[in-house]
Amino acid sequence: DHNLPEVKEYLYKILVIGDLGTGKTSIIKRYVHNIFSMHYKSTIGVDFALKVLQWSPDTVVRLQLWDIAGQERFGNMTKVYYKEALGALVVYDVTRSSTFDGVTKWKNDLDQKVSLPEAWGGGSIPVVLMGNKDGCSNKSESEMIKYCEENGFVRWFETSAKENHNVDEAARYLVSKILEIEQRNQGRPRQNQNGVIHIDEDQQYTPNSCC
Amino acid sequence: MDSRHEQIRKAINEADLKMLKKIATTGPGLINSDFRRECWPLLLHCTFDDEKRTKGRAEDISLKDRHQVEADINRSFVHFPKGISSIEKTEKIKQLQEVIITVLKRHPDISYYQGFHDVCSFLLLILGEETAINVAEQIVMGPLRDAARESLEPFMRNLTLVGELVKKEDAQLYNFLVSSEVFPEPISCISWLMTWCSHNVYDLDKLARIFDYMIASNAQSTCAYFTAAVILSRKSELLAINDDDCSLLHVHLGKFPQDANIDYLIEKAVSLQSRYSPEDKLNKLFSLLLVPKNFWHSQIEEIREKVSGAVKTLGWFLFGLQIAIKQALDAFDGRSLPITYDQETEHLVWAFLTERKVLRKLFVKKYNDHRIANDTRELAEEYEDLIQKLLDIATESDRQNKHSASKSEQLTENLKTRRTIAGIVSGAAIVAAPLTSGASLIAAALASTVAVHANEKIKAEAKKTEIVVNTKSKLIEKISNISENVKQFEIVWRGLADEAVLQKENTADDPIINKDDLKLKWEEMYEMFKSYANNAQRRLDDASVIWIESGAASAGKSIGELSLIIFSLELILSDFRYYVTLLSRSYMYLN
């Protein structure tokens, strides 16, 4: 069918990390299913979620979200977590300053354990910083912009999974960054991506995302 | 009344753990919470001691753990119990905190892990606070110990085991899961393993069935067998997921099938265990040594009545050696020898006593019956390394043997006031010591035979696989561990002997031994024994991985078998030694 555009489909693995109880699971549930509850259990090890985005008429992005338990021991558990991730959301709780202290630790961990594919020239993966919950941040916007620059975050968002504030925007920004990198490296497939990139030439993709 | 009810009641009354284990791992298990409240503590050897009853307070644990525990318990009781009111929930959360903190306070070396709260909240609902504390304590100090270490590294091998088991059973499913990047480390299942599915199964009755099985088998790897059984049972469902959607597989695999038939899955897991677990091979033996509490006592009485000192000593020796030989033969060719004082065994024993070469010849013959076709030059060289290690162990063991024997004599000397029995006990200890070196010599003999054989095959085409190399290096690591363990036993043993001397001196003027003191020592001893058992468990798990891997290359298989023999012997001997020590202690105490 010549009328249909060639649909490009990308699969990106995104890590969602941060100290315990900062709302990683809530953010993912809000983003993927557009629901919120006060009653999520602690995550043990890792949970997974999948979100499909019709990014543009000819681009579909599938996000594999890795919800990693906040307890340090799980972060250190295995390199499998970090393997081939292309982006990350680092979450802290604006009402608990200790969780902001954790942000640097998580970022360092990322920088040590994961980088962009060699075929793309390596380098850090894009990381978005999320100040979650509906409290008041004690940090000013300009302070945060400076912090992001100094610590290699692509951007900072103040979010609330409960109020559905900025969650979509933050994720969207991260995806746009990854797509930028992808497009800069057009034609250079990531290595060892056994079955991960699919270019669907004959079928129009119907997104099954709920939002 | 249901006959199963009667069976359970009878087993509880008679403290028949063997029967309880059987009931717990078959059919509908232990049926209801009333029975479970009685059976689980029994199966886990819980001790109820008033002095231990004080509960922990939040201040008793580190700030970091306290925050973690608080964050986790506030997110508990989500899926069960159904329809709980918020007042009830607050009350339950308070109790849950007490359970966790009391356990952590009693065992400061435990690192709290996310997921332990799931185990505790389930136990709390079924057992009530007091019993939940005791049961949770035994579980986290026993089968789930590795989950609560500073690093999760040791626990991760359970994930590998899950993969290996699926590979053994169903290559198609395994390959599919590898190509989907779910295997070899199915991390989506880590919460199953760390919480015995209490994080994942939302039906209390089903969960209780799973716990029946886990508690009855009381081994770290059991949940890996269960997890493998679940994955295997979902084959068609998993294969039906579109290849292109491999990203969904992680999601899918991590979700426990809530409508699963748990009885069937347990049956399947037990069958996997019986086929692939080296533990099972040893279980019969352990049950001989571990279960009957009164056995040793009645043995003492019987022996005292019947025979003179020399014969008594020999009796102990024969018994221990017989077990060792039986196990070695079992591990070697799967042939089962009954444990009785029969002619054949006696011949073996005397052959061993009089001329070790005879025994060696026997093993050479056994090995030749068992010869393997594809030995290679590289392997021969590797075996030579191995032999060197084994010989080192044998030498070291000989040295320790002498030391141990002299310590034992010292012990005898210092227990003269209890002459009759102490004579028997230390005599037994003295003969137990040479067993260690004997075992190492057997192993060395075996290894050298393997090497001789391998050298004969030097001209055969060299085909070295990576698996063989891995297996070899793992084995060498294990062997150095063994040697390390032998050293530790020696230290323990020496400590005990010294202690006995000390006690004798302390109580020289007082005919009544300080019983409180002894009781304390007894408890220490018990703790030590438990931690030893945990070590042994881990080594067995290692052996299990090696054993499975060894299927990959026939040469690797022979290494695996060899290592099993060494493990078996080592375990038997150390158990035997411990029992001798326990015996001498208990006798002192009883008097």
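Any value given below was found using the heavy atoms of this structure, including those in side chains, with hydrogens, waters and symmetry copies removed. Everything numeric here is computed off the predicted structure, so don't read it as measured data. Proteins get letters first, then strands, A, B, ... in listed order; numbering begins at 1 in each.
Note: B:S111 leads B:A71, B:S111, B:S76 in heavy-atom pairs under 4.5 Å with chain A. No other option in B:E150, B:H199, B:K255 has as many heavy-atom pairs under 4.5 Å with chain A as B:H199.
The distance from the NZ atom of A:K13 to the CD atom of B:E181 is 8.5 Å, given to the nearest 0.5 Å. Rounded to the nearest 0.5 Å, atoms CE (A:M38) and CG (B:N74) are 10.5 Å apart. Atom NZ of residue A:K41 and atom OG of residue B:S121 lie 9.0 Å apart, to the nearest 0.5 angstrom. With rounding to the nearest 0.5 Å, the separation of CG in A:D19 from CD in B:Q68 is 9.5 Å.
The minimum heavy-atom distance linking B:V78 with A:H39 is given by the pair CG1-O, 3.6 Å. Taking both residues in full, the closest heavy atoms of B:Q114 and A:T43 are given as OE1-O, 3.5 Å, listed atom of the first, atom of the second, then distance. Shortest non-hydrogen contact noted between A:S42 and B:D72 is OG-OD1, 2.6 Å.
Heavy atoms closer than 4.5 Å to chain A are found in the side chain of B:H79, but not in its backbone. For B:S188, the parts lying near chain A are the backbone and the side chain together; criterion is any non-hydrogen pair under 4.5 Å. For B:D118, the part sitting under 4.5 Å from any heavy atom of chain A is the side chain, from C-beta outward, and nothing else. With a 4.5 Å cut-off on non-hydrogen atoms, B:Y113 touches chain A through its backbone and its side chain both.
Heavy-atom contacts from other residues, nucleotides or ligands closer than 6.0 Å to NZ of A:K107 number more than 12. Within 6.0 Å of NZ on B:K89 lie more than 12 heavy atoms contributed by other residues, nucleotides or ligands.
Judged by distance alone, with hydrogens and angles left aside, the side-chain atoms of A:Q71 form a donor-acceptor pair with the main-chain N or O of B:Y112 at under 3.5 Å.
The aromatic rings of A:F48 and B:H250 sit parallel, their planes meeting at an angle under 30°, below the 60° perpendicular limit.
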